[in-house]
Structure formats: structure tokens, C-alpha cells
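Worksheet for the structure shown next.
Quick note on labels: first sequence line is chain A, next is B, and so on, each numbered from 1.
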Amino acid sequence: MKIATWNVNSIRTRLDHVVQWLTENPVDVLCVQETKVEDTDFPRSPLEALGYQTYISGQKSYNGVALISRTPLQEVRMGFAPILGETIADLDIQKRVITGMLEGVCVVNLYVPNGSEVGSEKYQYKLRWLSVLRDYLKAFLTEHPDLLVCGDFNIAPDDRDIHDPTGRENRVMASDAERQALEKAVFAQGLIDAFRKFNQEAGQFTWWDYRAAAFRRNLGWRIDHHYLSPGLYDRAKDCVIDRQPRGWEKPSDHVPVIVEIE
DNA sequence: ATGGCAATTGGAAATTGA
């Protein structure tokens, strides 16, 4: 089973890229983030023409996540509320969570808030969102021991994942509070970074700023991840970053990350 | 220290991203 995550930065603008990539890489499930479109306007047909089912949770202009699957998924759920109840329903206004089951594996597709700047209101929102994610994953794991949590985490787990970690304490995506929130939400639940099972090198990035020729100079960050529960981690055969689409015309600033589970 | 680029909305320039 192959599952990929890709922040496409607008599914409508990137539709041709997604179709081309899926044609060349017919993964079982493609988890996309930042679809930036209301559900009624989501371009389902071109993906269905490739033989894929689409499960979407979108909103106007911002955010938005979707599962694009070769076979029908079971138990598709949107947001935190189906697991945590209505007390945190305000966090579901922004569409950042969608989950589905495939062959006993529960796939959780996340678009973690960016956080803007350390100390800002958006940064506080990000930390609160991650603390709720912790409760969410904890509850989820009791129900579904085979859990794959992937998406755009907007956090570099360690300094190997940043081209220049200088001053990272005060930088969004790299501050200690964000890393601690990731630790509590993900690692403390026993979930493990699939990519690092196969590759220990620094400089393995999934996102490059559009500005300053960052991709050409490989000034990037590794902020798109697959986290696996122990049973799935043992079954993981490979996890790779596909840098190719970043070099295409009018690319997303993120690239796909693919994990293979046997 | 700053800007740099891109997408969206709305029909210019502001907001957001990371």
C-alpha cells in the first residue's frame, strides 16, 4: 500500500500537476492539503476519470483537505468533533482534518496551522490546535491501533530539517514550544517518523520558499511528514520525497512524500 | 533588517502562507 501527502497550494491551480503526478505515481491514497476551495467547486471529475474517489473537506480561499483514493474508503470523518465532541467545534471552522480507513489502516490527513510569527495570535492558535490534536490522536489510537498520520505539519522536527537552523528558537515552524507540542501530540503517543526509518541525512526537504530561488539553492524545510503507529512502522518498506514536481511550471511550494507499507 | 513569490478575492490592494 502506498500513501502520499502533498500540500498542493490550491487544487484548482494545481489540478494538472496532481493529475500528471497521479498518472505517473498511482498511489493508493493521496492526501492533499490547502485545497483552497469550497466542496461544491472541488474538481472531482478529472480525478474520478483517473479512477480515483474523492473525499473532501474544504472552505473558501484558505485551508481545505482531501483524500483521493483508488478504492472506496470506510469511516470517512471530517474535523476533530467526530472524536472529541462539540466542545472543540470552533477548531473545525478551519478545514484541516479528514480521515478514512483503508484495509484496516486509518489514514489521518492534517493541515497544521502555520502560526505566522512566534508569539502572535495565530501562533497561539497553532499551539492550541496541536494540544487538541494530542487528545484527538490519543482517543483515535484506542480505537484504531494501525494509524497513519500525515500531512503538512508546519514544524521541522529537528535541526537537520532546516537548511539554516540559526535563530530557529524565534522562528515559526522551529520554536521549542512548537516542537514540544509535536512531541506531546505525536511522539508521546508512540507514533514514529516514517521518513527517518530510511534516511538520516540533513537537507532532505519537502518545502522551499517561492522567493530568493530557494529551490535551486536547496534552502528548504522538511515540514511534511508521515507518522506511523508501531505496527505500521514495522511494516514500512520505504518513505521518499519526490522533488520532481517542484521543478515543474508554476509548482506548489511543497512536494509529495510517499510511504510504502507492506 | 528587509524583501523576495504565489494564491485568493474581487476587480486594487490586502491577507495569508511559511
Side-chain angles (χ1 to χ4, degrees), chain A residues 5-19 21 31-43 56-66 91 93-97 109-130 133 150-179 181-182 202-225 241 243 245-257:
Chain A
T5 179
W6 190 7
N7 179 324
V8 294
N9 186 14
S10 170
I11 187 69
R12 288 180 291 184
T13 299
R14 223 64 63 201
L15 183 60
D16 290 348
H17 285 201
V18 173
V19 167
W21 191 83
C31 303
V32 295
Q33 304 89 33
E34 280 208 90
T35 53
K36 293 187 173 181
V37 64
E38 289 173 300
D39 293 351
T40 48
D41 295 326
F42 191 99
I56 59 186
S57 180
Q59 65 183 97
K60 196 173 179 178
S61 307
Y62 307 116
N63 311 314
V65 286
L91 286 183
I93 294 169
Q94 298 182 16
K95 305 306 179 193
R96 298 179 177 277
V97 179
N109 176 18
L110 302 176
Y111 176 44
V112 177
N114 165 272
S116 190
E117 288 178 41
V118 172
S120 68
E121 202 169 305
K122 291 194 176 73
Y123 180 78
Q124 295 304 328
Y125 180 89
K126 180 179 193 175
L127 294 179
R128 174 168 171 246
W129 196 94
L130 287 165
L133 177 66
C150 69
D152 176 0
F153 282 77
N154 274 318
I155 300 174
D158 69 59
D159 289 353
R160 289 174 297 175
D161 303 317
I162 312 172
H163 67 87
D164 178 10
T166 308
R168 63 116 191 125
E169 293 89 346
N170 296 313
R171 291 218 48 188
V172 74
M173 304 196 294
S175 69
D176 289 333
E178 287 166 90
R179 287 183 174 175
L182 183 67
Q204 304 296 296
F205 303 133
T206 66
W207 172 83
W208 300 261
D209 201 305
Y210 283 120
R211 299 165 290 187
F215 181 59
R216 182 176 56 72
R217 299 157 66 199
N218 198 30
L219 305 179
W221 296 58
R222 191 175 72 92
I223 55 177
D224 302 271
H225 313 137
I241 299 166
R243 296 164 55 102
R246 190 62 177 81
W248 295 349
E249 183 116 4
K250 287 197 58 159
S252 169
D253 42 357
H254 298 251
V255 294
V257 185

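- Across all strands shown, Tyr111(A) has heavy atoms under 4.0 Å from sugar-phosphate atoms exclusively, and none from any base.
- Judged by distance alone, the side chains of Asn63(A) and Glu34(A) never bring a donor and an acceptor atom under 3.5 Å apart.
- Taking 4.0 angstrom as the limit, Lys122(A) places a side-chain polar atom (N or O) nearer than this to OP1 or OP2 of dT16(B).
- Looking at heavy-atom distances under 4.0 Å, Asn7(A) makes contact with sugar-phosphate atoms alone, never a base.
- Checked against a 6.0 Å centroid threshold, the rings of Trp6(A) and His254(A) do not count as neighbours.
- For dG3(B) and dA14(B), the P atoms lie 14 Å apart once the distance is rounded to whole Å.
- dG10(B) and dC5(B): their P atoms are spaced 25 Å apart (whole Å).
- Each of Arg128(A), Glu178(A), Glu117(A) was evaluated against Tyr123(A); a single residue qualifies, Glu178(A), per the side-chain contact (heavy atoms from CB on, under 4.5 Å) test.
- Taking atom C1' on both nucleotides, dT16(B) is separated from dA1(B) by 22 Å, rounded to a whole Å.
- For dA12(B) and dA7(B), the C1' atoms lie 16 Å apart once the distance is rounded to whole Å.
- Heavy-atom distances under 4.0 Å link DNA chain B to Asn154(A) of residues 154-161 of chain A, given in residue order.
- Straight-line distance from the CG atom of Asp253(A) to the P atom of dA6(B): 10 Å, rounded to whole Å.
- Gln59(A) places its CD atom 10 Å from the P atom of dG17(B), with the value rounded to the nearest Å.
- As a whole-Å value, the separation of Asn63(A) CG from dA18(B) C1' is 14 Å.
- Heavy atoms of Asp224(A) sit nowhere under 4.0 angstrom from any nucleic acid atom.
- Put simply, CH2 on Trp207(A) is 8 Å from P on dA18(B), counting in whole angstrom units.
- Of the candidate nucleotides dG17(B), dT8(B), dA7(B), dA7(B) has the atom lying nearest to any side-chain atom of Arg14(A).
- Ranked by how close their nearest DNA chain B nucleotide is to the 5' end, Arg12(A) and Asn114(A) are led by Arg12(A).
- Nucleotides dG4(B) and dT9(B) place their P atoms 24 Å apart, quoted to the nearest Å.
- Toward the 5′ end of DNA chain B lies the nearest nucleotide of Ala212(A), the other residue of the pair Ala212(A) and Thr13(A) mapping further downstream.
- Rounding to whole angstrom units, NZ of residue Lys60(A) and P of dA7(B) are separated by 19 Å.
- In this structure, His17(A) places its NE2 atom 10 Å from P of dA7(B), rounding to the nearest Å.
- As rounded to the nearest Å, dA13(B) and dT2(B) have P atoms that lie 24 Å from one another.
- What separates CD of Glu34(A) from C1' of dA7(B) is a distance of 9 Å, to the nearest Å.
- Side-chain proximity of Met173(A) to the nucleotides dG17(B), dA18(B), dG10(B) is greatest for dA18(B).
- In this structure, Ser116(A) does not reach the dG17(B) phosphate: none of its side-chain N or O atoms is under 4.0 Å from OP1 or OP2.
- For Trp208(A) and Trp221(A), the ring centers are positioned 6.0 Å apart or more.
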